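For reference, the structure discussed in these notes is given below.
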Amino acid sequence: MKHILSVSQFTKEDIEAIFAQARHFKKQVESGIILDPLAGKISTNLFYEPSTRTSSSFAAAMYRLGGSVISINDVQYSSVAKGETLEDTIRTLEQYCDAIILRHSEVGAARKAAAASAVPIINAGDGIGEHPTQALLDLFTIYEEQGKIDGLTISLVGDLKYGRTVHSLAEILNHFTVTLQLVSPSELCLPDEEKHKITNPITTHSSLDNVLENSDIMYVTRIQKERFADLTEYENLKDSYTLTLKELSKMKQSARIMHPLPRVGEIAFEVDDDPRAAYFRQMKNGLYVRMALLSYALG
Ligand code: NCD
């Protein structure tokens with residue numbers, strides 16, 4: 001059974017195969033070809049935390065492959081509200097579907113679900129832990145935008161402490177040779193246990209100014225409000241970085257700006273029309289990469 005739980009499970013060959021499949025699906029969808037390799041298959045979106053892109057792109061990916069989707073996008077209207085355990089919810093849903101896409105607030109929830117499940121579990125974010133499918137679509141986007149990954153200088157900006165997308169992306173980049181520039185307020189720096197997983201050279205910064213000129217990829221993230229025990233700390237940190245046209249004027253023409261989204265002020269709307277703004281293309285890539293991942297898990 002092919003669960004997707006962590007970026008650590010993928011070899012470089014796996015990643016290349018997933019990307020080749022994603023490119024193939026992209027071409028087919030763009031040419032209007034109707035696909036049905038997953039006809040008759042059903043996936044369940046089981047989301048214990050809010051989501052727009054991950055849940056809808058996984059649903060769209062399933063439909064684009066000819067499959068169908070059960071959507072539990074707000075567990076407060078499910079038996080979870082009555083106190084059902086994660087394991088029992090998984091054992092229920094596995095009776096009705098062929099794969100479960102799970103987002104949960106606890107680190108390790110996807111692994112716990114996988115241990116109880118007779119169908120593949122896809123980790124769509126486990127608390128501050130990991131977001132492996134986002135890391136794959138981020139990596140795919142870096143490659144599509146820059147034509148390569150090796151040799152790039154990649155800045156990871158914002159909430160490096162609680163941002164699961166950063167944790168997964170930084171780790172999957174171990175398959176390539178890049179320079180990582182970590183930009184965060186000292187309160188939100190990358191935790192040591194995450195840093196220890198990284199094999200690429202790292203520099204750390206508190207100011208965006210230090211990294212504007214040399215970045216090939218500026219990967220901006222939201223300060224993760226929902227993870228703060230003390231909301232006044234969040235209020236003090238929430239406006240730490242804002243990318244506007246003024247910052248863009250110092251960046252290379254070949255640089256690309258990425259963001260897993262949602263944004264809450266880190267990238268000014270005026271940046272959207274600059275060709276270097278790649279975040280809308282990035283979310284479109286999410287559809288193709290998730291089509292490839294569903295085929296991998298269910299094909
Ligand atoms: C991210 C997440 O849920 O971790 N969103 C996403 O999946 N695109 C990032 C975030 O919420 O800040």
Side-chain angles (χ1 to χ4, degrees), residues 4-7 22 43 45-62 71-75 100-110 121-142 155-172 182-185 187-188 190-191 194 217-228 231 234 237-243 256-267 272 277-291 293-294:
I4 298 174
L5 303 178
S6 165
V7 291
S43 65
N45 275 351
L46 177 61
F47 281 63
Y48 288 69
E49 287 193 328
S51 171
T52 299
R53 274 149 293 271
T54 307
S55 67
S56 56
S57 63
F58 261 116
M62 195 64 188
S71 293
I72 304 180
N73 286 328
D74 188 343
V75 293
I100 297 170
I101 293 103
L102 174 70
R103 171 168 290 184
H104 200 282
S105 53
E106 268 172 39
V107 175
I121 299 291
I122 299 179
N123 183 2
D126 61 330
I128 64 166
E130 277 218 50
H131 196 345
T133 70
Q134 179 74 39
L136 284 160
L137 80 88
D138 291 342
L139 193 65
F140 181 79
T141 301
I142 295 171
S155 297
L156 304 174
V157 181
D159 190 342
L160 311 186
K161 180 179 182 186
Y162 297 124
R164 57 193 171 199
T165 70
V166 167
H167 301 165
S168 291
L169 178 58
E171 187 178 350
I172 206 168
L182 307 180
V183 186
S184 73
E187 295 87 342
L188 298 176
L190 194 70
E194 297 297 335
I217 295 288
M218 188 72 79
Y219 187 92
V220 185
T221 63
R222 172 180 71 91
I223 309 296
Q224 308 276 300
K225 182 179 182 182
E226 65 275 32
R227 310 296 179 206
F228 283 77
L231 278 184
Y234 167 75
L237 293 170
K238 73 178 170 45
D239 297 320
S240 298
Y241 305 105
T242 310
L243 209 65
R256 291 292 180 271
I257 299 147
M258 294 174 59
H259 194 309
L261 299 171
R263 63 175 151 181
V264 286
E266 315 78 58
I267 301 180
D272 297 359
Y279 30 94
F280 296 110
R281 298 190 290 275
Q282 180 184 358
M283 66 167 93
K284 186 72 186 252
N285 288 335
L287 170 68
Y288 306 122
V289 170
R290 287 177 172 135
M291 286 175 78
L293 290 170
L294 286 169

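Bear in mind that the values here come from a model prediction, so they are computed numbers and not experimental data. Numbering of ligands and ligand atoms starts at 1, following listing order.
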Starting from [atom], what is the nearest protein heavy atom, named by residue and atom, and what distance separates them?
{"atom": "atom 4 (O) of ligand 1", "answer": "Arg164 NE, 2.8 Å"}
{"atom": "atom 6 (C) of ligand 1", "answer": "Leu261 O, 3.5 Å"}
{"atom": "atom 8 (N) of ligand 1", "answer": "Pro260 O, 2.9 Å"}
{"atom": "atom 10 (C) of ligand 1", "answer": "Arg222 NH2, 3.4 Å"}

Query raised in the report: Side-chain donor-acceptor pair under 3.5 Å between Ser105 and Glu49, yes or no?
Result: no
Query raised in the report: Does the side chain of His131 pick up a donor-acceptor pair with the side chain of Arg103 at under 3.5 Å?
Result: yes
Report task. Look only at interatomic distance and state if Pro262 has a nitrogen or oxygen under 3.5 Å from any nitrogen or oxygen of ligand 1. Result -> no
Query raised in the report: Hey, looking at atom 12 (O) of ligand 1, which of Glu130, Arg103, Gln224 has the closest heavy atom?
Result: Gln224
Query raised in the report: atom 7 (O) of ligand 1: which of His131, Glu49, His167, Glu266 has the nearest heavy atom?
Result: His131
Query - Heavy-atom pair of closest approach, residues Leu160 and Pro191 - result: O-CD, 3.5 Å
Query raised in the report: Ion pair present between Glu187 and Arg227, side-chain N to carboxylate O less than 4.0 angstrom?
Result: no
Query raised in the report: Angle class for the Tyr48/His104 ring planes (parallel below 30°, perpendicular above 60°, tilted otherwise)?
Result: tilted
Query raised in the report: Between Tyr219 and Thr141, is a side chain to side chain contact (heavy atoms under 4.5 Å, CB included) present by the stated rule, with each step listed?
Result: CA-CA 11 Å; Tyr219 187 92; Thr141 301; over 6 Å; no
Report task. Considering the heavy atoms of Thr54, write down every atom of ligand 1 situated less than 4.0 Å from one of them. Result -> 6 (C), 7 (O)
Requested in this report: May I ask you to identify, for Gln134, whether its side chain, its backbone, both or neither come under 4.0 Å of ligand 1 on a heavy-atom basis?
Outcome: side chain
Query raised in the report: Can you check whether Ile122 reaches Leu294 side chain to side chain, under 4.5 Å on heavy atoms?
Result: yes
